[in-house]
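Here the structure is laid out as structure tokens; the discussion comes afterwards.
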Amino acid sequence: MTESNLLQEALRYYDIAVDTVKRVDLQYSKITRQKHRSEELLKKFDLFLQSLLLNATMQRGVCCSAQMQFIESMAIYADLLSCYRAQTNTCVSWERAVDIPQDPRLKEFAVHKIESFLTEFSMLQTMVKVPARADYFEVIRECVFGICVYLERISGDDCWNNTDTVAETVVDALRQDWLAAKQTAEENSAAAALR
């Protein structure tokens with residue numbers, strides 16, 4: 001497969017994930033009769049996804065330009081490095097992939113974006129619980145896994161030392177973060193119900 005074909009396949013997973021985020025937001029709006037800010041949640045999702053993918057490449061210690069272009073393409077609503085540059089006045093860019101692992105604050109920034117999305121999404125999913133106890137996060141997780149698989153394949157050189165486990169590692173870490181966020185959301189929801 002060409003890099004263009006790999007990107008197109010990954011973007012199909014991205015579209016499914018975006019539709020899932022929109023569906024959760026719509027369900028939340030119906031239940032609470034409040035207009036949730038779908039656009040804001042979609043921005044958080046883009047930052048979350050780019051953060052996951054960037055952290056996966058940074059853990060390998062090698063950031064290939066093809067992979068950086070791929071990660072940059074995985075966003076419509078917000079761009080991780082644009083937000084980072086705006087907050088830190090740094091000049092890190094997707095085009096200068098060699099600079100990315102050199103900025104330790106970027107990893108911390110990315111982790112915060114992952115936690116921010118998981119916290120909000122878990123709160124929304126806890127409140128939605130329909131239809132038929134759908135696990136919207138599971139759909140998101142499967143999409144992230146699919147995108148990671150294509151990220152692993154995007155470069156013709158040896159950017160990945162062990163390509164079989166990168167997607168699994170990312171998704172396993174994501175599951176742990178999700179479970180923690182979900183538990184917190186459920187505890188907060190139960191506490192609110194007692195009031």
Side-chain angles (χ1 to χ4, degrees), residues 1-21 39-88 90-118 121 139-175 177-178:
M1 275 187 148
T2 67
E3 286 183 6
S4 177
N5 290 348
L6 292 169
L7 178 59
Q8 290 308 311
E9 291 298 316
L11 286 171
R12 287 191 354 200
Y13 281 108
Y14 173 83
D15 290 341
I16 293 168
V18 165
D19 288 344
T20 302
V21 171
E39 184 83 13
E40 189 62 31
L41 187 59
L42 291 167
K43 286 178 183 178
K44 286 184 178 184
F45 173 73
D46 278 357
L47 297 174
F48 156 82
L49 180 59
Q50 284 187 323
S51 294
L52 283 174
L53 299 175
L54 183 61
N55 278 347
T57 60
M58 289 173 65
Q59 286 177 356
R60 293 295 194 210
V62 177
C63 294
C64 306
S65 61
Q67 290 173 332
M68 294 303 104
Q69 290 171 351
F70 179 93
I71 296 169
E72 181 180 21
S73 299
M74 289 293 120
I76 294 173
Y77 302 95
D79 179 75
L80 180 69
L81 293 187
S82 295
C83 290
Y84 182 70
R85 280 192 308 270
Q87 288 188 9
T88 62
T90 60
C91 57
V92 171
S93 69
W94 296 111
E95 295 80 26
R96 297 205 21 95
V98 313
D99 295 341
I100 290 175
Q102 308 305 319
D103 190 343
R105 295 176 300 162
L106 179 55
K107 182 172 175 75
E108 189 175 306
F109 183 80
V111 167
H112 172 72
K113 295 305 177 188
I114 293 168
E115 291 170 352
S116 176
F117 174 76
L118 289 176
F121 195 77
V139 175
I140 299 286
R141 189 191 66 74
E142 288 173 10
C143 290
V144 168
F145 182 82
I147 291 167
C148 285
V149 167
Y150 287 108
L151 174 62
E152 293 169 0
R153 297 178 185 163
I154 199 72
S155 180
D157 56 19
D158 292 329
C159 287
W160 302 99
N161 296 326
N162 186 356
T163 58
D164 294 335
T165 63
V166 174
E168 292 166 0
T169 301
V170 168
V171 171
D172 286 346
L174 178 57
R175 177 170 290 291
D177 291 345
W178 168 253

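- Distance check: Leu80 CG to Ser51 OG gives 4.0 Å after rounding to the nearest 0.5 Å.
- Note that NZ of Lys44 and CD of Glu39 are 13.0 Å apart. Values are rounded to the nearest 0.5 Å.
- Between Asn55 and Ala110, the shortest heavy-atom contact is OD1-CB, 3.8 Å.
- In this structure the side chain of Leu47 reaches within 4.5 angstrom of the side chain of Cys83, judged on heavy atoms.
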Only distances under 3.5 Å count here; give the side-chain donor-acceptor pairs of residues 71-79 to other protein atoms, sequence neighbours excluded, each with its distance to 0.1 Å.
residue : atom : partner : partner atom : Å
Ser73   : OG   : Gln69   : O            : 2.9
Asp79   : OD1  : Gln50   : NE2          : 3.4
Asp79   : OD1  : Trp94   : NE1          : 2.9
Asp79   : OD2  : Leu81   : N            : 3.3
Asp79   : OD2  : Ser82   : N            : 2.9
Asp79   : OD2  : Ser82   : OG           : 3.0
Asp79   : OD2  : Trp94   : NE1          : 3.3

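- Under the ring pair (Phe, Tyr, Trp, His ring centres under 6.0 Å) criterion, Phe109 pairs with Tyr84, not counting sequence neighbours.
- With sequence neighbours left out, the salt bridge (charged side-chain N to carboxylate O under 4.0 Å, His left out) criterion links Arg85 to no other residue.
- Side-chain contact check for Cys143 versus Thr20: every heavy-atom pair is 4.5 Å or farther apart.
- Once rounded to the nearest 0.5 Å, the distance linking CZ of Phe117 with CG of Leu49 reads 9.5 Å.
- Under the 4.5 Å side-chain criterion, counting only non-hydrogen atoms from C-beta, Glu3 is not in contact with Leu7.
- Take Thr90 and apply the side chain to side chain donor-acceptor pair (under 3.5 Å) test, not counting sequence neighbours, and it matches Thr88.
- The minimum heavy-atom distance between Ile140 and Ala17, with the atom names listed, is CD1-O, 3.6 Å.
- Side-chain contact between Tyr13 and Tyr150 is present, with at least one heavy-atom pair separated by less than 4.5 Å.
- Evaluation of the side chain to side chain donor-acceptor pair (under 3.5 Å) rule for Ser65 yields no partner, not counting sequence neighbours.
- Tyr14 and Asp46 share a side-chain donor-acceptor pair at under 3.5 Å.
- Every side chain to side chain donor-acceptor pair (under 3.5 Å) that Arg96 has, sequence neighbours left out, goes to Asp99.
- Between Arg12 and Glu9, at least one side-chain N (NZ, or NE/NH1/NH2) sits under 4.0 Å from a carboxylate O, which counts as a salt bridge.
- For the atom pair CD of Glu152 and OG1 of Thr57, the computed distance is 12.0 Å after rounding to the nearest 0.5 Å.
- Ring-plane geometry between Phe48 and Phe45 is classed as tilted, the angle between the planes lying from 30 to 60 degrees on a 0 to 90 degree scale.
- Nearest heavy atom pair, residue Ala10 against residue Ile147, reads O-CG1, 3.6 Å.
- The heavy-atom pair separating Ile100 from Leu54 by the smallest distance is CG2-CD1, 3.5 Å.
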